[in-house]
Amino acid sequence: MSETFTSASQEEAGFRERARLSFDLDADICVIGAGLAGLSIALEAARLGASVAVLEGRHIGWNASGNQLGTVMPGFALPLTELIERIGFEDASELWALSKEGAELVRANATEENMPDIGLTEGVLEVSNVDSGDRLISRLQMLHEDFDTEVEGWQVDRVRAALKTDRYFHGIYYPNAFQVDGRKYVHGLAALARRAGARIFEDTPVVSIDHSGIRKRIVTPSARLRASHIVLAGNIHLGAPLRRLSETLLPVWRYAGITAPLGERVHEIIGFKGSVMDSDGIDHFRVVDGDRLMWESPETTWAARPQRFAGSVKRRIRSIFPELGNVEISETFGGATGQTVHGMPQIGQLRKGLWVASGFGRQGMNTSAMAGQLIARSILWGEERWKLFSPFELVWAGGTTGRVAGQLVGLWGRASSAAAGSLARYRERARVKDREREARLAEANRAAGTGPRRPPPGVRPRMAPPPQPTATQEAEPAAQEISQEQGVSQ
């Protein structure tokens with residue numbers, strides 16, 4: 001199955017005639033924002049029998065929802081250990097179970113019957129940039145035994161057999177995770193919502209909101225809408241009427257590129273069929289359209305044209321997989337995500353009848369699907385599982401100062417990851433050289449018949465400690481690699 005990331009359909013490209021709200025309308029639920037979260041809420045609510053209207057200021061999936069790699073797996077942006085520290089093991093376990101439910105909701109929607117040519121493939125591999133065997137074992141035990149998640153640990157040799165690079169060490173394989181064509185999924189979600197009875201209005205920005213009273217009032221440029229419930233499912237682009245909510249999100253633009261066809265050599269170098277992401281959250285890639293590589297890497301807190309990052313993507317691919325050579329980037333794309341200060345999505349009721357579903361930057365597609373079910377069932381069935389997210393309240397993201405700080409933190413994170421990776425690879429090479437030196441010495445002793453003397457009976461031999469590189473020897477090669485990596489990231 002192919003993925004049409006480079007040849008969008010007429011609907012995806014915006015040529016389909018868009019329905020604008022040009023008449024006054026009443027509905028049970030008004031959803032503001034037609035991205036993954038808003039459409040998931042509209043679909044779930046319409047399936048439960050509610051009348052739903054979706055208002056979108058531009059067009060369906062125009063931002064990050066329509067420009068992502070389509071990887072679906074359990075979890076959140078906040079690391080699991082930090083989640084447990086913040087809310088306790090029991091609540092963390094329930095939230096993790098919800099994230100797994102969200103992934104299965106995406107799988108149930110992304111069938112060939114519902115979304116033809118969705119291109120679903122199985123398996124996600126998370127690889128480590130450093131040699132972290134002990135931490136790998138601890139995390140595997142936690143995921144498998146405490147959080148009932150099917151995972152498999154991969155040793156260094158197995159990772160490097162699948163990915164021909166020395167940049168990665170251990171890995172965690174998620175066999176039940178999967179990936180889909182991200183652009184097709186968001187438009188397929190809109191089609192399912194329409195079939196269920198939801199009405200979607202594009203090119204319909206919200207001018208003002210009055211959320212007082214039982215029936216809320218929403219004003220658009222050419223019509224008014226009344227609803228019992230309003231769901232704010234936008235991102236950082238909610239606009240003036242909802243600026244206070246937008247200011248709780250740090251805007252981060254993530255960019256990706258797709259190479260020209262690479263032929264069979266890409267499969268010889270990248271033998272893993274699913275998505276690959278590193279544990280530091282810097283690189284995320286997979287093979288699409290048979291022999292093309294889709295790679296997501298650069299990140300910034302300021303908007304820019306995606307084409308500007310084609311060179312960065314190319315250099316990053318060359319630094320990780322030099323055997324691929326000088327690849328050509330035939331398409332670039334990107335979008336802005338809203339990231340929260342606490343690292344968790346914002347899901348819940350702000351006041352009676354006013355709901356929020358935002359902050360899905362770095363959270364994954366599973367969380368937006370999960371939010372759709374939580375909010376729809378809370379409104380129509382009275383469920384209160386959304387209260388599990390109550391500890392993660394709305395926090396101001398710092399405005400311009402927060403964006404500058406976020407950019408600096410991102411640069412520091414990439415630099416520290418490069419430093420740690422370079423040092424880990426240097427130590428690995430030093431260990432290999434030590435073993436080779438010992439093997440040559442043992443072979444020379446055998447040839448000369450001058451092996452080490454045997455100790456007297458009952459006396460254990462004293463083992464000399466392995467030679468350790470001096471601080472200067474460690475620092476010099478590592479510093480060279482760090483400078484090279486920084487040049488690549490720049």
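Not measured: the values here are computed from a predicted model.
- Rounded to the nearest 0.5 Å, atoms CD1 (I218) and SG (C30) are 4.0 Å apart.
- Defined by atom type and a distance below 3.5 Å, a donor-acceptor pair is missing between the side-chain atoms of R362 and T337.
- Q346 and S358 share a donor-acceptor pair across their side chains, judged by distance under 3.5 Å alone.
- Here the side chain of Q155 pairs no donor or acceptor atom with the backbone of G171 at under 3.5 angstrom.
- We find the CZ-CD distance between R316 and E296 to be 13.0 Å, quoted to the nearest 0.5 Å.
- Between K387 and E94 no salt bridge is recorded (no basic side-chain N to carboxylate O distance below 4.0 Å).
- Going from atom CD1 of I29 over to atom NZ of K216 covers 12.5 Å, rounded to the nearest 0.5 Å.
- Formation of a donor-acceptor pair under 3.5 Å by the D210 side chain with backbone atoms of R217 is not found in this model.
- At a threshold of 4.5 Å between non-hydrogen side-chain atoms, the residues I32 and I230 count as touching.
- Taken to the nearest 0.5 Å, the CG atom of L120 stands 9.5 Å off from the OG1 atom of T111.
- Across N366 and Q363, no two heavy atoms sit closer than the pair OD1-O, 3.4 Å.
- Ring geometry for F285 versus W295: interplanar angle under 30°, hence parallel rather than tilted (30 to 60°).
- Of the possible donor and acceptor atoms, none in the side chain of Y255 sits under 3.5 Å from a partner among the backbone N and O of A310.
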>> Would E101 and M370 count as a side chain to side chain contact (heavy atoms under 4.5 Å, CB included) here? Give the steps.
In response: CA-CA 7 Å; E101 288 181 27; M370 170 197 67; 6.0 Å; no
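- Between L39 and I60, the closest heavy-atom pair is CD1-CG2, 3.9 Å.
- For R292 (side chain) and T259 (main-chain N/O), a donor-acceptor pair under 3.5 Å exists by modelled atom type.
- Between P205 and T220 there is no side-chain heavy-atom pair separated by less than 4.5 Å.
- Atom CD1 in I41 sits 12.0 Å away from atom CD in Q373 (nearest 0.5 Å).
- Between the side chain of E152 and the backbone N or O of P175 there is no donor-acceptor pair closer than 3.5 Å.
- When all heavy atoms are compared, the tightest approach of A369 to S40 is CA-OG, 3.9 Å.
- At least one donor-acceptor pair under 3.5 Å links the side chain of S99 to the backbone N or O of G75.
- Within 6.0 Å of CZ on R308 lie no more than 12 heavy atoms contributed by other residues, nucleotides or ligands.
- Ion pairing of R167 with D278 is absent here, as no side-chain N (NZ or NE/NH1/NH2) approaches a carboxylate O to less than 4.0 Å.
- With 3.5 Å as the limit, one finds no donor-acceptor pair spanning the side chains of T332 and R305.
- Residues M115 and K184 form no side-chain contact, since every pair of their non-hydrogen atoms from C-beta on lies 4.5 Å or further apart.
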> Which is it for S378 and R385 under the side-chain hydrogen bond (donor to acceptor under 3.5 Å, both in side chains) test, yes or no, and what are the steps along the way?
Replying inline: CA-CA 8 Å; S378 297; R385 290 195 296 170; over 6 Å; no
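- Of all the heavy atoms in A371 and A357, the pair that sits closest is CB-CB, 4.5 Å.
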>> For V124 and F178: C-alpha separation, side-chain torsions, deciding distance, then whether side chain to side chain contact (heavy atoms under 4.5 Å, CB included) applies.
In response: CA-CA 6 Å; V124 172; F178 59 97; over 6 Å; no
>> side-chain hydrogen bond (donor to acceptor under 3.5 Å, both in side chains), that's the test. Do T121 and Q179 meet it? Break it down for me.
In response: CA-CA 6 Å; T121 57; Q179 42 277 318; 2.9 Å; yes
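- Nearest heavy atoms, R254 versus D283: NH2-N, 4.3 Å.
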> Run the ring-ring contact (aromatic ring centres under 6.0 Å, His included) check on F147 and F89 step by step: do they pass?
Replying inline: CA-CA 10 Å; F147 290 87; F89 177 81; 5.5 Å; yes
>> Using side chain to side chain contact (heavy atoms under 4.5 Å, CB included), reason through F201 and R20 one step at a time and then give a plain yes or no.
In response: CA-CA 5 Å; F201 300 97; R20 298 175 176 84; 5.9 Å; no
> Would L163 and V276 count as a side chain to side chain contact (heavy atoms under 4.5 Å, CB included) if you check the C-alpha gap in whole Å, the side-chain angles of each, and the deciding distance to 0.1 Å?
Replying inline: CA-CA 10 Å; L163 305 171; V276 180; 3.9 Å; yes
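- A donor-acceptor pair is defined here as one N or O able to donate and one able to accept, closer than 3.5 Å; such a pair exists between the side chain of T204 and the backbone of L21.
- When K273, R286, R107 are each tested for a salt bridge (charged side-chain N to carboxylate O under 4.0 Å, His left out) with E122, only one passes: R107.
- Side chain to side chain, H170 and W154 fail the donor-acceptor criterion of an N or O pair below 3.5 Å.
- Between F309 and F333, the gap from one ring centroid to the other reaches at least 6.0 Å.
- Note: D280 CG to N129 CG = 4.5 Å, rounded to the nearest 0.5 Å.
- Crowding of R135 atom CZ: a count of heavy atoms from other residues, nucleotides or ligands under 6.0 Å not exceeding 12.
- Nearest heavy atom pair, residue R195 against residue N114, reads NH2-O, 3.7 Å.
- Proximity of Y168 to I320: side-chain heavy atoms (C-beta onward) are separated by under 4.5 Å at one or more points.
- At least one donor-acceptor pair closer than 3.5 Å links the side chain of S51 to the backbone N or O of D28.
- Qualifying side chain to side chain donor-acceptor pair (under 3.5 Å) partners for R224, counting only residues two or more places apart in sequence or in other chains: none.
- Side-chain N or O atoms of N67 include one that pairs as donor or acceptor with a backbone N or O of N63 at under 3.5 Å.
- For E90, the CD atom sits in a loose shell: 12 or fewer heavy atoms of surrounding residues, nucleotides or ligands are nearer than 6.0 Å.
- The backbone N or O of A34 sits less than 3.5 Å from a side-chain atom of E56, completing a donor-acceptor pair.
- Side-chain contact check for T149 and H144: no donor-acceptor pair (N or O, by modelled atom type) lies under 3.5 Å.
- Just one residue in the list L143, D91, D148, L83 forms a side-chain contact (heavy atoms from CB on, under 4.5 Å) with W96, and that residue is L143.
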>> As a quick check of understanding, evaluate salt bridge (charged side-chain N to carboxylate O under 4.0 Å, His left out) for E145 and R139, giving each step before the final call.
In response: CA-CA 10 Å; E145 298 174 7; R139 190 171 176 203; over 6 Å; no
